[in-house]
**Q** 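Handing you this structure, nothing more for now.
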Amino acid sequence: MVYKIDPRTKIILVLCLTSMVLIVENIWFVIGIGVISVTCALFMRVELFDLIKRYHRILILILTISLVQSIFTQDDQVLLEVAGISILTENGIKLGVKTFIRMLVILTSGMIMSTSNYRETIQGLIQWKIPYKIAFMTSLSLRFIPIFMEEFQDSMVALQLKGIDFKKIPLGEKTRIYVYLLTPIILSSLKHAEEIAIAMESRGFGAYPKRVEYLVLQLKGRDYGVMAGSVLISIVYVTLSLII
Amino acid sequence: MESYIKLRQVSYAYPKGRFSLHDVSLNLNQGEITVVKGLNGSGKTTLGKIIMGILIPSTGTIEIDGVDSNKLKLCHRGSKIGYAFQNPDRQLFTASVFEEITFPLEIKGMSKKAADQKATMLLEKFDLAHLKQRVPMRLSRGEKQRLVLASILAQEPGYLILDEPSTGLDRDRRRELYDLLETLTREGIGMAVISHDLQFTENYADRIITMAEGQVIIDGL
């Protein structure tokens, strides 16, 4: 089964996807990476439709950021002009689409990684000779992405229950609202970090310099295949995008 | 007494298919404290979230203040029913206690002067006036609960749904909170309090709803 591939393979895949989407500038190639990352997520059994339903507000936020970027980018090819001020330009739209897809790929990458058991992810990193503490922290941070998304949604609901209609407030106030929205999320992430640190220390994390492992991962043929395929396709893709 | 909230044959199933609420019909009235109790997983919090519109019922209808709840957006429900989450941290957003109450009012178009007056009045009522410049997240749990209540009441709702408001409070702080809730009820606001606290249930409840496996099994006192 494709979705049961080694977490290290998923790391390589995700690194390739995110690197490609950041390096490539041609819009059609960026769209292509978006399609590839969604396809990969589907293969990894990420429930995309459930994800869209649950996190549609974050997607709207990403879309809004992209739209703002699109509006504020100036170019000679003006598509929409109001009172002599260019609102939409061809270059602006391209930049907006690229921003949206880049964020989407990062979001999808996080979801691909979350399909692996976090203990296996840590083990994978350790077998790559990454120090256990760093491997554990990296894996933990990935695991927290869905939790932060949930907290973001809760905060959105709590704000609306204060009688705030997101659709009716002016843009200036919206910025203020987003600052309010981020405050509890940042504070709760700090609180989570503190609680985890205490819990880990109370379980003797790092008490002994050497660790023995019960779980040892073994890369299989399909893992090597996916890794090699990802790297090769990425190199070819990036080279093509630079040539064209 | 005219019921403020009416639920008719409301059911809710989680995406994985497990039923959390099954065929619940209830009337909730203003001016009374209704305690909702039951074991963990019996559907108490789901009931609260469904009334608030945070969860959408699979079947059934809900009427809030005479209006079909389907016609009410979350922001409108928040003006009719105040909802306090189990964890008050989820409802605190600003850098000062005072701003916590004024900012939604100002965003909704109230003048700064009127919002300030209202906040001052509410902070005094909830014994928080001396903390008005403090950062809400740094308050004690009891103070946070009171601040959440004050900010909810700034919206002038007709009903409150409080999800285990006494969690993490010591005996004295619980009593203070309960007395405050009783005062609010005497002023005409109704409330459904999801609680495991026997002291509160025995001494303050006008009505007790007991839930088990997503159903109301006892409704009375």
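Just so we're clear, the structure is a prediction, and the values are computed from it rather than from any experiment. Any value given below was found using the heavy atoms of this structure, including those in side chains, with hydrogens, waters and symmetry copies removed.
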**Q** Keeping to residues at least two apart or across chains, list the ring pair (Phe, Tyr, Trp, His ring centres under 6.0 Å) pairs with something in residues 81-106 of chain B.
**A** A/Tyr180-B/Phe103, B/Tyr83-B/Phe85
**Q** Atom CD in A/Gln153, atom CZ in B/Arg90: separation rounded to 0.5 Å?
**A** 11.0 Å
**Q** Count the heavy atoms belonging to other residues, nucleotides or ligands that lie under 6.0 Å from CG of A/Leu22, then report whether that count exceeds 12.
**A** yes
**Q** How close do A/Gly163 and B/Ser79 get, heavy atom to heavy atom, and via which atoms?
**A** CA-OG, 4.0 Å
**Q** So what's closer than 4.5 Å to chain A heavy atoms on B/Leu92: side chain, backbone, both or neither?
**A** backbone
**Q** How long is the straight-line distance from CD of A/Glu151 back to CG of B/Asp89, given to the nearest 0.5 Å?
**A** 9.5 Å
**Q** Quick one: CD on B/Gln91 to CG on A/Leu161, what's the gap to the nearest 0.5 Å?
**A** 7.5 Å
**Q** Can you confirm whether A/Gln218 is buried at CD, in the sense that more than 12 heavy atoms of other residues, nucleotides or ligands lie under 6.0 Å from that atom?
**A** no
**Q** Relative to chain B, which segment of A/Leu187 carries a heavy atom at a distance below 4.5 Å: side chain, backbone, both, or neither?
**A** side chain
**Q** For B/Glu100, which atoms come within 4.5 Å of any heavy atom of chain A: side chain, backbone, both, or neither?
**A** both
**Q** Using a cut-off of under 4.5 Å for heavy-atom pairs, which of A/Ile185, A/Leu159, A/Leu181 has the most such pairs with chain B?
**A** A/Leu159
**Q** Crowded around A/Glu194 CD? As in, over 12 foreign heavy atoms under 6.0 Å?
**A** no
**Q** What option among B/Lys80, B/Lys73, B/His76 has the most heavy-atom pairs under 4.5 Å with chain A?
**A** B/Lys73
**Q** With a 6.0 Å cut-off (strictly less than), is the heavy-atom count around CZ of B/Arg138, excluding the residue itself, greater than 12?
**A** no
**Q** Identify the heavy atoms of B/Pro104 and A/Lys162 that sit nearest to each other, and give their distance.
**A** CB-O, 3.7 Å
**Q** Is a salt bridge present between B/Lys108 and A/Asp165, judged by a nitrogen-to-oxygen distance below 4.0 Å?
**A** no
**Q** What part of A/Ile177 gets within 4.5 angstrom of chain B, counting heavy atoms only: side chain, backbone, both, or neither?
**A** side chain
